[in-house]
Amino acid sequence: MMANNHYLLHIPSLSSLSASLTSSTRSLPVRTLLPKTLSSHLSSFPASSHSASNSIPWHSKSFHFALSGALSLGLLFGGIGVAEAAKVGVNKPELLPKKFSTVIDVAGFLSDGQEKRLAEEIAALEADTGFKLRVLAQNYPDTPGLAIKDFWQVDDRTVVFVADPTFGNILNFNVGASVDLDIPRSFWSRLAGKYGNIFYWKEKGEEASIEAAVMAISSCLREPVGPYNCSEVN
């Protein structure tokens with residue numbers, strides 16, 4: 001596994017993206033968790049998987065699969081049910097919006113109103129804490145892939161959240177080094193387990209999982225750093 005400033009959470013093998021995403025950031029230690037959900041299957045982002053059950057390094061195959069096939073960003077923190085088959089990294093800048101947006105929904109999971117609410121929450125979070133949350137909703141292999149890195153200027157204070165139901169758990173995360181220092185890695189696994197499992201999003205819808213995850217991440221990142229921060233997934 002490569003050391004990167006970012007950890008991949010819940011992303012299928014996204015090795016190609018992981019390398020590209022992490023090349024511009026400081027390398028951070030990656031820890032591997034047992035895969036339980038789709039999050040851990042995103043394979044394009046570098047990651048330490050954090051998904052419903054486990055976390056996997058940025059280059060975990062499942063994370064890279066979702067991202068590289070989709071994003072090539074690989075968020076392995078989710079590390080649940082990682083796809084074993086290696087996939088070629090995807091780079092489709094034509095799927096990016098013409099104007100900058102912190103929420104990109106190429107899968108059509110969110111309504112315009114939902115996208116607006118999420119973007120407002122993300123903007124408030126960034127203004128209050130300096131942490132950057134970015135959301136990509138996709139259905140592998142339809143994804144911008146590697147193009148996301150430069151579009152969002154991913155850095156050590158960025159959390160890339162990839163929602164992709166392809167591998168079961170819909171929640172996948174790529175966590176920057178600075179974020180990883182403040183947030184317990186177990187938080188990402190618990191988050192994926194609560195809102196990313198297939199039973200949850202099948203019953204309530206992909207949009208419900210995405211909205212719940214964004215609000216939980218926002219709440220966590222606003223908590224004072226300490227031994228018990230983010231101990232609960234709200």
Exactly one of S219, S186, P184 should register a side chain to side chain contact (heavy atoms under 4.5 Å, CB included) with C230. Which one does? P184

Compare every heavy atom of [Y] with every heavy atom of [X], then report the nearest pair and how far apart it is.
X: G130; Y: R157; result: O-NE, 3.3 Å
X: S209; Y: I170; result: CB-CG2, 3.8 Å
X: A216; Y: F187; result: O-CZ, 3.7 Å
X: I210; Y: F161; result: O-CE2, 3.8 Å

Do any N or O atoms from the side chain of [X] and from the backbone of [Y] form a donor-acceptor pair under 3.5 angstrom?
X: N91; Y: A147; answer: yes
X: N229; Y: D182; answer: yes
X: K132; Y: Q153; answer: yes
X: K194; Y: V233; answer: yes
X: S101; Y: I104; answer: no
X: N197; Y: G193; answer: yes
X: D105; Y: L110; answer: yes
X: E115; Y: D112; answer: no
X: E120; Y: R117; answer: no
X: W152; Y: F100; answer: no

Mind checking whether [X] and [Y] sit in one hydrophobic cluster, side chains of I, L, V, M, F, W, Y counted as touching below 4.5 Å?
X: Y228; Y: V225; result: no
X: M215; Y: V179; result: no
X: V106; Y: V154; result: yes

Rounded to the nearest 0.5 Å, what separates atom [atom1] in [X] from atom [atom2] in [Y]?
X: T102; Y: L136; atom1: OG1; atom2: CG; answer: 12.0 Å
X: D180; Y: W188; atom1: CG; atom2: CH2; answer: 9.0 Å
X: I183; Y: L191; atom1: CD1; atom2: CG; answer: 11.5 Å
X: R134; Y: E126; atom1: CZ; atom2: CD; answer: 4.5 Å
X: E207; Y: L118; atom1: CD; atom2: CG; answer: 10.5 Å
X: W201; Y: F109; atom1: CH2; atom2: CZ; answer: 7.5 Å

For the pair T166 and N139, evaluate side chain to side chain contact (heavy atoms under 4.5 Å, CB included) and give the outcome as yes or no after the intermediate values. CA-CA 6 Å; T166 305; N139 263 315; 4.3 Å; yes

Within 45 degrees of the ring normal and closer than 6.0 Å to the centroid, is that where the cationic atom of K204 sits relative to Y200? yes

With a sphere of 6.0 Å drawn around CZ of F199, does it hold more than 12 non-hydrogen atoms of other residues, nucleotides or ligands? no

Residues R222 and S218: side-chain donor-acceptor under 3.5 angstrom: yes

Any carboxylate oxygen within less than 4.0 angstrom of a Lys/Arg side-chain nitrogen, looking at E232 and R190? no

Ion pair check, K116 and E121, cut-off under 4.0 Å: no

Apply side chain to side chain contact (heavy atoms under 4.5 Å, CB included) to the pair I148 and L96, showing each step before the final yes or no. CA-CA 8 Å; I148 285 298; L96 293 171; 3.5 Å; yes

